[in-house]
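No hydrogens, no waters, no symmetry mates; every other heavy atom, side chains included, goes into these values.
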Amino acid sequence: MTHDIGSHGPDSAAEAEILAQWTSIYDAVYRHAADRPERDFTGFRSGLNGENYTDEEVIEWIEGTVAQVLALRPRSVLDIGAGTGLITRGLLRHVDRYVGTDISPRGVARLEAGLGGTPGTEFLVRDADGIGDLGSFDVAMTNSVIQHFPNARYLRSALTRMAEVSAPAGAVFVGDVPGLHVRDLHHLCVVANRLRAPNTGTSAGEAREQLSSAAAHDRELVVHPGFFTAFAAEHGLFADIRLKPGRHPIEMNLFRYDVRLHHRGDDLLDPSTIERAPWDGGPAATVAERAAAAPGPIAITGIPRPELTPIAAALHRLRALDAASPVEPESLPTGSGTDVRGPGAHPADVVAAAAELGRTCFVTPSPIDPAAYDAVFAGSAETRGLSLPPPADAEQALTTGPSPLTPAGER
């Protein structure tokens, strides 16, 4: 039995209240949005240090997301939580039908004014649980939205609706999911940035208390990859979970991931059924060459992520210190490009190196080490993606975090 911490959370009335609060927030955000809707990066701010992302970082994130959705080859798309239309603009010229929904009437009006004249395009005020009457789609998607969902029950309900409208042969795409498996690393970076702001030293015990406080006051719904593999197994779907494709060392690339739930299992690769070999310490090019030399599909496992391994090491050291031991802010990684890189190979480099050798590579979070990943190399270019098994540990927590906009500890 898997566990969703807080899955017995707010009842329907409380969920509706939370969604109404988010509606008000986003109405206010869209009221003050930029005059250039195609370059409206309102709200793209790091949760680690509060700083705005650069245009280059946001554009990479947008283009990477659009590419992942288009790789599913949809002719029709339902986009739940279309926001300011940044992803919309990248999809419209490639599909025949696009329906974008949002909980904010102001946001929908803004989308309608800017993009409503595009043939085959429609914008509606709906929440994620109210899409059952919109027909069928090749892809039902939501991107950078589920962290605002009230609880795991609401997420399950939304995924069920998305699976229904994308049946029988389409897919569900869930982008930018905050990962529970890397949440402790995320919290350490948040604490490190707070300590560095005034450049105030602290003790190991005080730093650990701040980590606990960050977890207790987490406003996001945070989801383990195992949640989606378990959901897929329960609903006759196939779960394909991958790291974000971006290279910039930003919060979204380091601590979030993308999910595809397929209705069809053909041309999907189950990593548990193919040859598996541990990483041997080589760089990206060596990893790809090793895979290319294999006669068929192969998974190179446990490849460290260079940006995450120093964070994991720092967290391990902090937990091992006596409570009174001093901790200097500079000794804690902040999750930024200024941090020292650790061993391993960047996932994007491995994917690129494989492509140069004519191999398709899918990078997926390691089920064992939160600071590592597995690179799954397909033996055929026809392989569409992965089909990952449900979590081996049936008792592990798969979601956590108080309902957004509620006091910490309430569920």
V77 and D138, any side-chain heavy atoms less than 4.5 Å apart: no
Taking side-chain contact (heavy atoms from CB on, under 4.5 Å) as the test, write out the residues that go with T383, two or more places apart. L269, F362, A378, S380
R161/D127 ion pair, N-O < 4.0 Å: no
Quick one: do E307 and R247 make a salt bridge, cutoff under 4.0 Å? no
Any side-chain heavy atom of P310 within less than 4.5 Å of one from V340? no
Below 6.0 angstrom between ring centroids: does that apply to W61 and Y53? no
Are the side chains of D258 and P245 in contact, using a 4.5 Å heavy-atom criterion? yes
Between H181 and Y257, is the ring centroid distance below 6.0 Å? yes
With side chain to side chain contact (heavy atoms under 4.5 Å, CB included) as the test, would you mind laying out the steps for F44 and N52 before giving the verdict? CA-CA 6 Å; F44 280 89; N52 291 330; over 6 Å; no
Residues D96 and R75 bridged, charged N to O under 4.0 Å: yes
Would you sort out whether R260 and Q68 count as a side chain to side chain donor-acceptor pair (under 3.5 Å), showing the intermediate values? CA-CA 9 Å; R260 300 146 188 81; Q68 299 303 303; 2.3 Å; yes
Does this structure show an ion pair linking R126 with D102, if we count only N-O contacts that are shorter than 4.0 Å? no
Could you walk me through whether R196 and E328 pass the salt bridge (Lys or Arg N to Asp or Glu O under 4.0 Å) check? CA-CA 9 Å; R196 286 198 186 190; E328 294 298 326; over 6 Å; no
Under the ring-ring contact (aromatic ring centres under 6.0 Å, His included) test, residues paired with H262 that sit two or more places apart: none
If you apply the rule side chain to side chain contact (heavy atoms under 4.5 Å, CB included), what do you find for V99 with R97, and how did you get there? CA-CA 7 Å; V99 176; R97 183 188 180 210; 3.8 Å; yes
One thing to verify: whether R242 and D240 come together as a salt bridge, which I'm taking to mean a side-chain N less than 4.0 angstrom from a carboxylate O. yes
So, applying side chain to side chain contact (heavy atoms under 4.5 Å, CB included) with R276, which one of V376, I298, D374 is it? D374
